[in-house]
Structure formats: structure tokens, C-alpha cells
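Encoded as C-alpha cells, the structure appears first; notes follow it.
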Amino acid sequence: MARYLISFDDGAMSFPEEELPEVAEASLEVVREARDAGVWVFGGGLESQRASVVATDGTVADGPYPETKAVLGGFSVIDVPSREDALKWAAKIAAACRCAQEVREIMSDPTD
């Protein structure tokens, strides 16, 4: 099994505000389905705010860096047998959230 990060950019969700309850319920249904399937690890939406960037010397600055165009808006972490399975779950999330999802494999934990 491998863990995958499925994420979308802040502002990627574009639908009329009155449809938010429908989108929220559809998203929760996918989470329930993933939990029932035993693949859900963790996930959630992120507050729309600038991230704090902590440098290697410990100094803190508002971020992200100016050259960064995208800011993470939300994410899911799933544990599935293959990338193809991760892409299938990403498709379900994309349909529920009404926005494209990015899929990345999380490197294995070296302590395992």
C-alpha cells in the first residue's frame, strides 16, 4: 500500500454560493465512502490565508513566496494499493468538489 496526497488549489472551487451545501454533502459522502473502504487517512480544507514560512534559521515570514501562484486549498491523504486506485479516488473527489485534483505519492516513512 502507498499513501497519496490528493489536493486542490485555493480558489479552484467555482460554483454559486447557494450550491455550497450540495457540494459539502457530496464531498462528505466521498469521505464516508473512503472510510468505509478503509483507504481514508486524513484530510480537510484549509483556511484561506497566507501561510507562515519558517526558514532554516528559524525566522518567520508571511508566505507563500511571491513567485508562488497557487496556494493549497484542501487535501486528502489516502492509503491505496496503486496510483491507479489513487486516481480513481481523486476523480470522485474532483466530481464532488467540482474542481480538479492533483495527485502525488507520499514517500515511504524511513522508520517503517
Side-chain angles (χ1 to χ4, degrees):
M1 299 281 271
R3 288 190 173 178
Y4 288 85
L5 174 68
I6 301 172
S7 62
F8 62 92
D9 292 342
D10 185 39
M13 298 173 86
S14 180
F15 51 84
E17 188 174 331
E18 61 269 10
E19 294 178 16
L20 180 59
E22 180 183 330
V23 172
E25 182 54 38
S27 299
L28 287 173
E29 184 55 38
V30 174
V31 171
R32 287 185 203 107
E33 183 182 351
R35 282 186 178 148
D36 290 347
V39 301
W40 183 258
V41 176
F42 181 76
L46 300 175
E47 292 289 335
S48 275
Q49 63 189 18
R50 294 190 72 128
S52 294
V53 177
V54 181
T56 56
D57 66 359
T59 58
V60 179
D62 287 335
Y65 296 109
E67 62 272 10
T68 303
K69 303 228 185 291
V71 177
L72 192 62
F75 68 95
S76 303
V77 176
I78 60 170
D79 194 3
V80 293
S82 69
R83 182 169 186 78
E84 290 74 25
D85 290 319
L87 295 172
K88 288 176 185 175
W89 282 104
K92 292 179 183 193
I93 295 168
C97 292
R98 301 183 188 176
C99 66
Q101 302 291 308
E102 187 174 292
V103 178
R104 293 183 178 186
E105 186 172 355
I106 298 172
M107 296 172 72
S108 60
D109 184 346
T111 62
D112 283 346

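In this text the structure is predicted, and so the values were computed from the model without any measurement. Computed from heavy atoms alone, side chains included, the values below leave out hydrogens, waters and symmetry copies.
The nearest pair of heavy atoms linking Glu105 to Ala2 is OE2-CB, 3.5 Å. Shortest non-hydrogen contact noted between Cys97 and Ser27 is SG-OG, 3.4 Å. Nearest heavy atoms, Val60 versus Ser52: CG1-CB, 4.1 Å. Across all their heavy atoms, Val80 and Ala86 have their closest contact at CG2-N, 3.7 Å.
Under the side chain to side chain contact (heavy atoms under 4.5 Å, CB included) test applied with Val77, the options Val39, Ile6, Ile106 reduce to a single match, Ile106. Of the candidates Ile93, Leu87, Leu5, Leu87 is the only one forming a side chain to side chain contact (heavy atoms under 4.5 Å, CB included) with Val103.
Taking OG from Ser82 and NZ from Lys88, the interatomic distance works out to 7.0 Å, rounded to the nearest 0.5 Å. With values rounded to the nearest 0.5 angstrom, Met13 atom CE is found 7.5 Å from Leu20 atom CG.
Other residues, nucleotides and ligands contribute more than 12 heavy atoms inside 6.0 Å of the CE atom of Met1. Counting heavy-atom neighbours within 6.0 Å of Arg104 CZ, excluding the residue itself, gives a total of 12 or less.
Residues Phe8 and Leu46 do not share a hydrophobic cluster, clusters being chains of Ile/Leu/Val/Met/Phe/Trp/Tyr side chains in contact below 4.5 Å. Val23 is not connected to Val31 by any chain of hydrophobic side-chain contacts under 4.5 Å among Ile, Leu, Val, Met, Phe, Trp and Tyr, and they are in different clusters. Criterion: ILVMFWY side-chain heavy atoms under 4.5 Å apart, direct or through other members. Under it, Leu72 and Phe42 are part of a common hydrophobic cluster.
Within the 4.5 Å cutoff, the side chain of Cys99 has no heavy atoms near those of the Phe15 side chain.
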Can Glu29 and Lys92 be said to form a salt bridge (charged side-chain N to carboxylate O under 4.0 Å, His left out), step by step? CA-CA 10 Å; Glu29 184 55 38; Lys92 292 179 183 193; over 6 Å; no

